[in-house]
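First comes the structure, then the notes that go with it.
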Amino acid sequence: MAQGALPGFRDFYPEQFAERAYIMGVWRDVARRFAFVEYDGPPLESLELYTKKSGDEIVGQLYNFTDKGGREISLRPEMTPTLARMAAAKANALRKPVRWFSMPQLFRYERQQRGRLREHFQLNVDIIGEPDVTADAELLAVAIEIMRECGLTPEDVRARVSDRRLLTGLLRAIGVSDAQTPAVFGIIDKWERRPLEISREALATLGLNDDAVAKIINVVGGQPTLDGLESAYGEHPDVRAVLGDLRRYHEYLEALGVGDWVTLDLKIVRGLAYYTGIVFELFDAKGELRAICGGGRYDTLLGALGGADLPALGFGMGDVVLAELLRERGYLQEHATLAQPDFWVASESEADRRLVAGVATALRRAGAAVEYALREQSVSKQRKASHSAGATYFVTLAPDFATNHRLTIDAFAETASPTLAELVGGQPTIERLVEVIREHPQLLSSTL
RNA sequence: GUGACUGUAGCUCAAUCGGUUAGAGCACCGGACUGUGGCUCCGGGGGUUGCGGGUUCAAUUCCCGUCAGUCACCCCA
């Protein structure tokens, strides 16, 4: 038995690489259309960059080691610290708002399970320097447009949105003390992973009275609306201010054409991390998979990491869960196809083989993907090989090709109309074929 | 890090109660079909049954360990 890849790591055979290339192509294309520009940083960073943000307990989940210069370093487990470092170094020179995206491979030393490996590719999209909720709407729209571009609909994927300030304000209005608030956040974060009774008991254990517990369960566990929250808690100034922001946020999401995808859901708190405002996660609508994407606003993080004190927001979207969802729907099989040759050029004799190479070169320089037999084979064998390779056209040199440049073109799986043969005409020559390809590059599958 | 389940060819699976040289389909390679053939026919390569140990006359089969995979915790990208 051959040695496989290390646990949690993947080999990308051409079939899998095609899937990865498709997903990353969608990421890059949608980000570009939203006028985000791509950046990258080093895959290795100083260990301190991560402990500064997350504490020493993070080290257990890092691929960290001491390098030959005695430096404590780690493979990057996330992109945000690198982004913060890079943005801080040029904070004053960057045009605001900064709209950057990256597609790093990230590493985390954890036991693997479904949707979670020790390595993955993650799209990171961030906006730096804009405090208004219009930026939050723009950011979420990027994530949702990626779903759309992949062929998914609001019936497949839901964007669940919350706001840490709103939740904090509501808890205050309900009578939760600021000291109790972090613990309540922790309970809400685990809400969906355990029975309601456990959450109810946990809240009661904090010393909250029955009325407060009931209100929390209603607000968090129910299906809150902005209007409902307004009428119930709108009197409280902390709530009122945030509700106004959220209304504008939803108006922008509607204007951006993604309102149908979004649900207000106060159970989304994104761990106990560094988020300060609107937070969101994208889930498959059936709720079978892990989150596809998560993000939000982290206005204090860049300053806390020693960089520029700029408001910022961003999301991360991993390739693993997205690929699972797309595979389940059959979309990956549809889009992530292996590149196949446009032409297979066949020869009938050893003497023809140099002519075949010349024909291949002419077609290649015209933009086509061309393969031919690298050793002498019967024509029937070459035809079989061309099928196997998935070639669209099978070109055979005429016996007197050397003098008249004539060839025959058989189409195997041609979908074009008019067909290549029709465009080339009755007496096809290599010159005519090259001419037609240059005029009609859409005939070539390799350019799609 | 904890627990449960599962490991036979590249893939999907066989192999009677523990019993002869571990088989088949697909895939791959070669040959025939001297030309519409993504066909058909013939042949071939490929396995230390994940690995190590134990019980037994005999282990793919039973036991232990280990590695790997899957799932659930933990935690989160």
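- On a pure distance criterion of 3.5 Å, a polar donor-acceptor pair joins the side chain of A/Arg116 and the base of B/C76.
- In RNA chain B, stems built from 3 or more consecutive Watson-Crick or G-U wobble pairs, each with both distances under 3.5 Å, span B:1-7 with B:67-73, B:10-13 with B:23-26, B:28-32 with B:40-44, B:50-54 with B:62-66.
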Using the 3.5 Å cut-off, write out each protein N or O paired with an N or O of nucleotides 67-70 of chain B and the distance between them.
{"unit_1": "B/G69", "atom_1": "OP1", "unit_2": "A/Gln112", "atom_2": "NE2", "d": "2.5"}
{"unit_1": "B/G69", "atom_1": "O5'", "unit_2": "A/Gln112", "atom_2": "NE2", "d": "3.4"}
{"unit_1": "B/U70", "atom_1": "OP2", "unit_2": "A/Gln112", "atom_2": "OE1", "d": "3.4"}
{"unit_1": "B/U70", "atom_1": "OP2", "unit_2": "A/Gln112", "atom_2": "NE2", "d": "3.3"}

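- Distance noted for atom C1' between B/A58 and B/G18: 8 Å (whole Å).
- Heavy atoms of A/Glu110 sit under 4.0 angstrom from at least one base atom.
- Side-chain nitrogen and oxygen atoms of A/Arg375 include at least one within less than 4.0 Å of the OP1 or OP2 phosphate oxygen of B/G30.
- Distance check on atom P: B/U66 versus B/G23 gives 33 Å, rounded to whole Å.
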Could you run down the sub-3.5 Å N/O contacts of the protein with nucleotides 43-46 of chain B?
none

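- For A/Ser199, the side chain to side chain contact (heavy atoms under 4.5 Å, CB included) partners at least two apart in sequence or on another chain are A/Ile187, A/Trp191, A/Arg194.
- Not counting sequence neighbours, A/His120 has no partner by the side-chain hydrogen bond (donor to acceptor under 3.5 Å, both in side chains) test.
- Considering only the side chain of A/Ser388, B/C28 comes nearest among B/C28, B/A77, B/G35.
- Contact of A/Lys384 with B/U36 (side chain to base): no donor-acceptor pair of N or O atoms is detected under 3.5 Å.
- Judged as a side chain to side chain contact (heavy atoms under 4.5 Å, CB included), and not counting sequence neighbours, the contacts of A/Tyr252 are A/Thr134, A/Ala137, A/Arg248.
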